[in-house]
Every structure is written in structure tokens, then in C-alpha cells.
Amino acid sequence: MDNFQDLLAYLPLPANVVNHLTTHSALYLSLYHRFISLRSTLQTHILTPFLHTFIYPALLRLYNSPDILSVVLFAAVLLLSLKVLDMLRQAVMFWVRIVTRLLFWGTILVCGVYVWGRGVDGTVDDVRVYGGALMDLWTREYDKYDNMQKQAKVAAQMNGASRKGYKGR
């Protein structure tokens, strides 16, 4: 006990803490000894039998058969690489979500600013004009590709009538 009190005298602690520690040092030391004895009891009665019964024989079996060890090592490397790839996927998806949200809310903001500056009536007129132009363009392209498909069908029928045998079905 004297050694403990001498040690406390050298530590830069407030007087009330030193007084508390010197009066209750027996309690703290007994708790420390109980903890040490509990740890040694757990180690002796639980951990060591478990290690000797299950873990050491498994490690010895792995060490003696290199084929199993290489399979286990391959599985561990595979699992680790899949974990790394999953982390990479999560990082990429995070940034994709961020960019998607920024584009969505940026579009909403730009549309709002456009309506604010142009007015509701002007915006409706612009949508009608640009929408009509877009609809005309889509209709022209659709008719063009529809005519191309019809011409290809007629050419295939004329080609297929002249051939005998396989007709592409």
C-alpha cells in the first residue's frame, strides 16, 4: 500500500483525486485481482479446451493437406475480392445517385426559372410551338422508316419468290 501511495505522490493529480484513490485503493486493487482471476479462469476452463478440441486439430489438418489449404485460401481470396468489388460498386452507385439527383433537381430549377422569367402563358405557347415541331419531326422520321421497312419487305418477297427452298423462317 505504501508503494501505491508513493506512486500517487509523483502523479500530477488534484488533491481530492489522490485522497479518493488512497482511501479506496484496496477496493480498486481487489477489483483488479478479481478481474485477473476471472480472466485466467475463463482461459483455463473455457478457451483452452475449446482451442485444443476444435481449433488446433482443424489447423493441423489444414497444414497436413495442402490441397484443402489451397482451396480454403482460394475461397478466402475470392471472398475478399468480392467484398472489394462490392465496395467499389457501392461507391460507383453513390456517385451515380448523386449525379442523377443533381440533374433532376437542376432540371426542375431550370424549368422553374424559365417559367418565372417567361411567364405561364409564354411558356405554354413555347411548349405548343416546340412540341408541334417535335411531333412533326417524329412523324416524318416514323414515316421514313416505315416506308424503308415496307420496301425491304417487298424486296424480300420478290427475292423469296424466285428462290426455292429455305425462305428465312
Side-chain angles (χ1 to χ4, degrees), residues 4 7-8 10-14 16-18 20-21 24-120 122-146 148-149 152 168-169:
F4 183 69
L7 177 67
L8 286 177
Y10 289 110
L11 293 176
L13 297 173
N16 60 347
V17 173
V18 172
H20 177 76
L21 288 175
H24 296 89
S25 62
L27 172 67
Y28 293 130
L29 288 175
S30 69
L31 286 175
Y32 175 73
H33 288 297
R34 279 190 205 161
F35 173 73
I36 294 297
S37 68
L38 177 66
R39 185 183 62 96
S40 65
T41 303
L42 285 175
Q43 182 176 356
T44 325
H45 295 296
I46 295 173
L47 187 61
T48 304
F50 177 75
L51 286 175
H52 285 295
T53 306
F54 298 110
I55 303 298
Y56 291 145
L59 289 176
L60 188 63
R61 192 169 292 130
L62 281 176
Y63 181 74
N64 288 334
S65 62
D67 295 336
I68 294 175
L69 184 63
S70 62
V71 168
V72 168
L73 193 62
F74 174 73
V77 168
L78 182 68
L79 182 67
L80 183 67
S81 65
L82 287 176
K83 287 290 186 182
V84 168
L85 285 174
D86 185 49
M87 288 173 26
L88 183 67
R89 180 195 59 86
Q90 287 177 355
V92 167
M93 288 307 299
F94 169 77
W95 288 109
V96 166
R97 273 189 237 112
I98 291 287
V99 168
T100 304
R101 288 179 183 162
L102 282 174
L103 286 175
F104 175 75
W105 290 110
T107 303
I108 296 293
L109 181 70
V110 166
C111 289
V113 167
Y114 182 76
V115 169
W116 181 269
R118 182 84 167 116
V120 176
T123 304
V124 169
D125 288 341
D126 289 344
V127 167
R128 184 178 43 91
V129 169
Y130 295 131
L134 186 64
M135 187 63 148
D136 291 341
L137 174 69
W138 185 82
T139 305
R140 280 195 314 264
E141 291 297 316
Y142 179 80
D143 290 340
K144 182 174 84 173
Y145 286 112
D146 190 37
M148 287 173 58
Q149 187 178 7
R169 290 188 186 167

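Numbering of residues begins at 1 and proceeds along the displayed sequence. None of these values were measured; they are calculated from a predicted model.
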(message) Other residues, nucleotides and ligands only: do more than 12 of their heavy atoms fall within 6.0 Å of CD on E141?
(response)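 Atom CD in E141 is crowded, with more than 12 foreign heavy atoms closer than 6.0 Å.
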Please round to the nearest 0.5 Å and tell me the distance separating atom [atom1] of [X] and atom [atom2] of [Y].
| X | Y | atom1 | atom2 | result |
| --- | --- | --- | --- | --- |
| Y145 | M148 | OH | CE | 6.0 Å |
| L103 | I98 | CG | CD1 | 11.5 Å |
| L59 | F54 | CG | CZ | 13.5 Å |
| L73 | L78 | CG | CG | 11.5 Å |
| F104 | T100 | CZ | OG1 | 11.0 Å |
| R34 | T41 | CZ | OG1 | 13.0 Å |

(message) Evaluate V72 against I68 for side chain to side chain contact (heavy atoms under 4.5 Å, CB included), listing each step before the verdict.
(response) CA-CA 6 Å; V72 168; I68 294 175; 4.2 Å; yes
(message) Please give me the minimum heavy-atom distance between R118 and D126, naming the atom from each residue.
(response)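 Shortest heavy-atom separation between R118 and D126 comes out as NE-OD2, 2.7 Å.
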(request) For R61 and S65, work out which heavy atoms get closest and say how close. (result)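 Here R61 and S65 meet closest at O-OG, 3.0 Å.
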(message) Whether the side chain of D146 engages the backbone of Y142 through a donor-acceptor N/O pair (distance < 3.5 Å, no angle test) should be reported.
(response)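 Checked: no pair found.
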(request) Give a yes or no on whether a salt bridge exists between D86 and R89, defined as a side-chain N under 4.0 angstrom from a carboxylate O. (result)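 Salt bridge flag = yes for R89 with D86.
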(request) Run the salt-bridge test on R128 and D125 with the 4.0 Å N-O cut-off and return the result as yes or no. (result)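 Salt bridge present between R128 and D125.
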(request) Indicate yes or no: at least one non-hydrogen side-chain atom of W105 is less than 4.5 angstrom from one of I108. (result)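 They are in contact (side-chain heavy atoms under 4.5 Å apart), so the answer is yes.
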